[in-house]
Amino acid sequence: MTRVIYYTASTLNGFLADEHNSLDWLFAVEPPPPGLYERFLGTVGVLVEGSTTYEWVLDFEGLLADPGKWRTVYGERPTFVFTTRDLPVPDGADVRLVSGDVRAVFGQLREAAGDGDIWVVGGGDLAGQFLAAGLLDEIQVSIAPVALTGGAPLLPLRVESDRLTLRSVEQQGQFAFLTYDVARASGT
């Protein structure tokens, strides 16, 4: 059964990126053991990103200059980008620009995922929209031993403890890897 998973990394105090939209803090931490990300990616049928995350990935990976690299990073998986702007798409990449309410696009996401899961790559605002719409099933977050003074929050909305059930905690190198099951809010 297709699950919707918000899989990300965060600082100890809950930020995805710093005030300048940088992830330098993340790459300064010793990475987790090899194979963990690849194992997760193997369960994914479709990716979902906000425009800020998508533009960061394009820039960081140099995907517009080397579009063939897209398949190396994501394989043949389609990527849906929620945006209100026209954004560049690497040649040959299956990137679908969408806008509006996540519920309106959800059927397309589920169909594109096939037997795989839907990975909400980020950012926190988009993950929050899936959570608020009652469409998020799981949060997997790697907590880094870093604290920032501000930036993009993990989730920019209030979520009470009755919505999240801690399923597992693992040490992955310097990261604490937490998996939460997300309960549907009443009325969703």
S.K.: For residues Pro88 and Leu64, report the shortest heavy-atom separation together with the two atoms involved.
M.R.: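 Heavy atoms only, the tightest pair is CG-CD1, 3.7 Å.
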S.K.: Rounded to the nearest 0.5 Å, what separates atom CG in Leu131 from atom CG in Leu136?
M.R.: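 Going from the CG atom of Leu131 to the CG atom of Leu136 covers 5.0 Å.
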S.K.: Using only atom types and a distance under 3.5 Å, with no angle test, would you say the side chain of Tyr74 pairs donor to acceptor with the backbone of Asp94?
M.R.: no
S.K.: Does any N or O in the side chain of Arg77 come within less than 3.5 Å of the main-chain N or O of Leu47, such that one atom is a donor and the other an acceptor?
M.R.: no
S.K.: Closer than 3.5 angstrom, by distance alone: can the side chain of Thr53 be matched with the main-chain N or O of Gly123 as a donor-acceptor pair?
M.R.: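 Yes, Thr53 side chain to Gly123 backbone: donor-acceptor pair under 3.5 Å.
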S.K.: Only counting residues at least two apart or in another chain, list the ones meeting salt bridge (Lys or Arg N to Asp or Glu O under 4.0 Å) with Arg158.
M.R.: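 Partners of Arg158 by the salt bridge (Lys or Arg N to Asp or Glu O under 4.0 Å) criterion, ordered by chain and then number, come out as Glu160.
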S.K.: Could you tell me which non-hydrogen atom of Phe175 sits nearest to which non-hydrogen atom of Glu30, and how far apart they are?
M.R.: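 It is CE1-O, 3.4 Å.
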S.K.: Looking at every heavy atom in both Leu157 and Ala132, which two are closest together, and how far apart are they?
M.R.: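 Closest approach of Leu157 to Ala132, heavy atoms only: CD1-CB, 4.5 Å.
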S.K.: Is Lys69 reaching over with its side chain to a backbone N or O of Gly62, donor-acceptor style, under 3.5 angstrom?
M.R.: no
S.K.: Might you point out which heavy atoms bring Val121 and Tyr6 nearest each other, and give the distance in Å?
M.R.: O-CE1, 4.1 Å
S.K.: Parallel, tilted or perpendicular: which fits the ring planes of Phe27 and Phe60, with parallel below 30° and perpendicular above 60°?
M.R.: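 Parallel, since the angle between the ring planes stays under 30°.
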S.K.: How far apart are the closest heavy atoms of Pro145 and Gln174, and which atoms are they?
M.R.: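 Reported closest heavy-atom pair: CD-O, 3.3 Å.
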S.K.: Looking only at non-hydrogen atoms, find the nearest pair between Leu135 and Arg103 and report the distance.
M.R.: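 Taking every non-hydrogen atom into account, CD1-CG, 3.9 Å.
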S.K.: Name the one of Asp117, Asp137, Thr43 that satisfies side chain to side chain donor-acceptor pair (under 3.5 Å) with Arg3?
M.R.: Asp117
S.K.: Does the side chain of Glu170 come under 3.5 Å of the side chain of Thr179 through a donor N or O and an acceptor N or O?
M.R.: no
S.K.: Can any side-chain N or O of Trp119 pair as donor or acceptor with the backbone N or O of Tyr7 at less than 3.5 Å?
M.R.: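 Yes, Trp119 side chain to Tyr7 backbone: donor-acceptor pair under 3.5 Å.
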S.K.: Quick one: pull up OG1 in Thr52 and CG in Leu16 and give me the separation to the nearest 0.5 Å.
M.R.: 11.0 Å
S.K.: Listed by chain and number, what are the side chain to side chain donor-acceptor pair (under 3.5 Å) partners of Asp181, not counting sequence neighbours?
M.R.: Arg167
S.K.: Who passes side chain to side chain contact (heavy atoms under 4.5 Å, CB included) against Ala112, sequence neighbours left out?
M.R.: Val46, Pro78, Phe80, Arg96
S.K.: Taking the side chain from Asn13 and the backbone from Leu148, do they hold a donor-acceptor pair closer than 3.5 Å?
M.R.: yes
S.K.: Fit a plane to each ring of Phe82 and Phe130, take the angle between them on a 0 to 90° scale, and name the class: parallel (under 30°), tilted (30 to 60°) or perpendicular (over 60°).
M.R.: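 Perpendicular: the ring planes of Phe82 and Phe130 meet at over 60°.
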S.K.: Rounded to the nearest 0.5 Å, what's the gap from CD on Glu38 to CG on Leu36? Could you check?
M.R.: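 Glu38 CD to Leu36 CG: 8.0 Å, rounded to 0.5 Å.
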